[in-house]
There are 2 protein chains.
Amino acid sequence: MLLEQEEKKVDPRIKRTRQLLQQALMDLMKEKSFQSITVQDIAERATVNRVTFYAHFEDKYALLEHTIREMIRQQLRSQVPEDAPFSTESLTRLILTVCEFLAEMSRRCPLPHTQFEPLMEKQIKTELYEVLRAWLAKPSSAKSSHRPTPEQAAMVTSWAIYGAVLQWSQQERREPAREFVKQVLPLILAGLQLVDKVPVP
Amino acid sequence: MLLEQEEKKVDPRIKRTRQLLQQALMDLMKEKSFQSITVQDIAERATVNRVTFYAHFEDKYALLEHTIREMIRQQLRSQVPEDAPFSTESLTRLILTVCEFLAEMSRRCPLPHTQFEPLMEKQIKTELYEVLRAWLAKPSSAKSSHRPTPEQAAMVTSWAIYGAVLQWSQQERREPAREFVKQVLPLILAGLQLVDKVPVP
DNA sequence: AAGTCCTTGTCGCTTAGGCGACAAAAGCGC
DNA sequence: GCGCTTTTGTCGCCTAAGCGACAAGGACTT
């Protein structure tokens, strides 16, 4: 209700420039460490003026944040089609996607990525929260006390999911992701079932 | 001498826009026929406004011309490093590249491409001419009469090469490109050897 | 034939992006 | 410490790109 007509009339040049910048950063990070990448490098690679960079992002850290956010968002949305109905299957895919994302990131940046782990955590949880809130908010129109609000449930669950996946991803001998998801799914589901109208499988 | 400081101070936005447009056209041609592609389609794919298209090209035919020209240029330059010294080996690579290009084009556009064959012919011969002229112009500073000028030789040779390769590419049972090049190389070379300072192998 | 729909070009006006230049702040060798 | 280079931000001025709207031509249906 409050946020409705988003991403409508954005100047296409702005969209393109941001796209170019974040693509440039992703490309560069395959070649060298984030620290050694300069704003100049990014601008050059993106075929964009350095000044233009600053018109869009505070600094390279802000761009990194935005980039990671977009990556996780796209990956989540591709697996969970925006307004899909809630189901244990959707939830499974959701958790699985986070597994793959974290595994991919730790594979690609073995050590140096420890410094932007908090950043990733923030972005991933935020996106998880958005998906979950959208799921839970739909059927709940009746106000029943003694039940958590969809927002509360979404918040708790997003933290729970991230925590579980993080632990999984940090094991050096980790089981297959599918296996892991099967094990933690009941845990995650337990909290959700307290919310109004969430189906019990 | 006359044309020296080319491609220096071109606004990067212009370069980028043209690049985007020609990339968009190439992508679209993998999906549908050139005739059925509209300016709108190209602009959309390139994330560029339709009006901007007209600021750069007369119509889609002009873009096609420019695109083909860039494609053949890049392919030639990648095989023959700009100011490589002339040698039979370079010449072989040159002819081979034209073979591959024409084969690729006729493979990709089996029938519909007959209509822009003249267009391709023009662009390919022009680029061939440029490469050859650069080769032949280098050592020739002594003016000897009764010998063709580098420009004449380059012109004749570019036509000869294109003609030979075209005939080869239109055979339905054609020999391997390398085989073919070996056979016609002496023919091509014969004319070049009349030019000052061209080494006889 | 008249009807709609789409594509093609072209027009001002607005906005984002490119540029040169600058000062401030890091790096870095010595 | 001290120069030296590189990087970082920030300033106006200029130019390319986006937009809405428009007329004019096809193409296709009825």
Side-chain angles (χ1 to χ4, degrees), chain A residues 5-68 70 111-112 115-116 119, chain B residues 5-70 112 115-116 119:
Chain A
Q5 72 327 11
E6 55 199 339
E7 59 177 338
K8 263 295 175 194
K9 288 175 181 176
V10 193
D11 192 310
R13 287 172 288 184
I14 294 178
K15 267 203 302 197
R16 191 182 56 206
T17 298
R18 297 209 173 131
Q19 185 64 41
L20 287 169
L21 286 172
Q22 79 187 54
Q23 187 60 51
L25 178 60
M26 291 201 293
D27 288 355
L28 281 168
M29 286 185 69
K30 289 174 190 159
E31 299 169 16
K32 47 166 139 177
S33 80
F34 179 72
Q35 274 305 344
S36 69
I37 297 175
T38 75
V39 174
Q40 179 80 304
D41 292 337
I42 301 171
E44 252 174 39
R45 185 66 67 101
T47 67
V48 150
N49 193 283
R50 194 171 59 87
V51 180
T52 305
F53 177 97
Y54 291 109
H56 292 272
F57 300 98
E58 274 279 323
D59 48 34
K60 63 178 182 177
Y61 297 94
L63 172 60
L64 178 63
E65 182 174 316
H66 181 261
T67 302
I68 289 183
E70 280 306 306
L111 269 176
Q115 57 174 315
F116 28 84
L119 196 149
Chain B
Q5 65 344 355
E6 55 201 339
E7 58 177 339
K8 264 295 173 194
K9 288 175 181 174
V10 193
D11 192 310
R13 286 172 288 184
I14 294 179
K15 269 204 301 197
R16 190 182 57 207
T17 298
R18 296 206 174 132
Q19 185 63 42
L20 287 169
L21 285 172
Q22 80 187 52
Q23 187 58 51
L25 177 60
M26 291 201 294
D27 289 355
L28 282 169
M29 286 185 69
K30 289 175 190 159
E31 298 169 16
K32 47 167 141 175
S33 79
F34 178 72
Q35 276 304 344
S36 68
I37 297 176
T38 75
V39 174
Q40 179 80 307
D41 293 337
I42 301 172
E44 252 174 38
R45 184 67 67 101
T47 66
V48 150
N49 193 281
R50 194 172 59 86
V51 181
T52 305
F53 177 97
Y54 289 109
H56 291 271
F57 300 98
E58 273 280 324
D59 47 35
K60 64 178 181 177
Y61 297 95
L63 173 60
L64 178 63
E65 183 174 316
H66 182 262
T67 301
I68 289 184
R69 172 112 187 210
E70 281 306 306
Q115 56 173 316
F116 27 84
L119 196 149

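Below, chain A is the first sequence line, B the second, and so on; all start at residue 1. Fair warning: this is a prediction, and the values are worked out from it, not measured in the lab.
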N/O to N/O distances under 3.5 Å, protein versus nucleotides 19-26 of chain D:
unit_1 : atom_1 : unit_2  : atom_2 : d
D:dC19 : OP2    : B:Asn49 : ND2    : 3.0

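- Rounding to whole angstrom units, CZ of residue A:Phe57 and C1' of D:dT10 are separated by 18 Å.
- Below 30°, between 30° and 60°, or above 60°: for B:Tyr61 and B:Phe34 the angle between ring planes is above 60°, a perpendicular geometry.
- Looking at the side chain of A:Ile14, the nearest of the listed nucleotides D:dT8, C:dG18, C:dA16 is C:dA16.
- When the side-chain hydrogen bond (donor to acceptor under 3.5 Å, both in side chains) test is applied to B:Asn49, no partner is found at least two apart in sequence or on another chain.
- A:Ser36 comes within contact range of no nucleotide atom at all, as no heavy-atom separation falls under 4.0 Å.
- Sorted by first and then second residue, the salt bridge (charged side-chain N to carboxylate O under 4.0 Å, His left out) pairs with a member in residues 36-64 of chain A read A:Glu31-A:Arg45, A:Lys32-A:Asp41; sequence neighbours excluded.
- For B:Arg16, the side chain to side chain contact (heavy atoms under 4.5 Å, CB included) criterion is met by A:Arg16, A:Leu20, A:Thr47, A:Val48, B:Arg13, B:Leu20, not counting sequence neighbours.
- Of the two residues near DNA chain C, B:Asp59 and B:Arg13, the one whose nearest nucleotide lies more 5' is B:Asp59.
- Distance, B:Arg16 CZ to D:dG18 C1': 13 Å, rounded to whole Å.
- Axis angle between the ends of the helix from C:dT4-D:dA27 to C:dA26-D:dT5, five pairs each and rounded to 10 degrees, works out to 50°.
- Separating the NZ atom of A:Lys60 from the P atom of C:dA26 is a distance of 14 Å, rounded to the nearest angstrom.
- With sequence neighbours excluded, no residue forms a side chain to side chain contact (heavy atoms under 4.5 Å, CB included) with B:Ala55.
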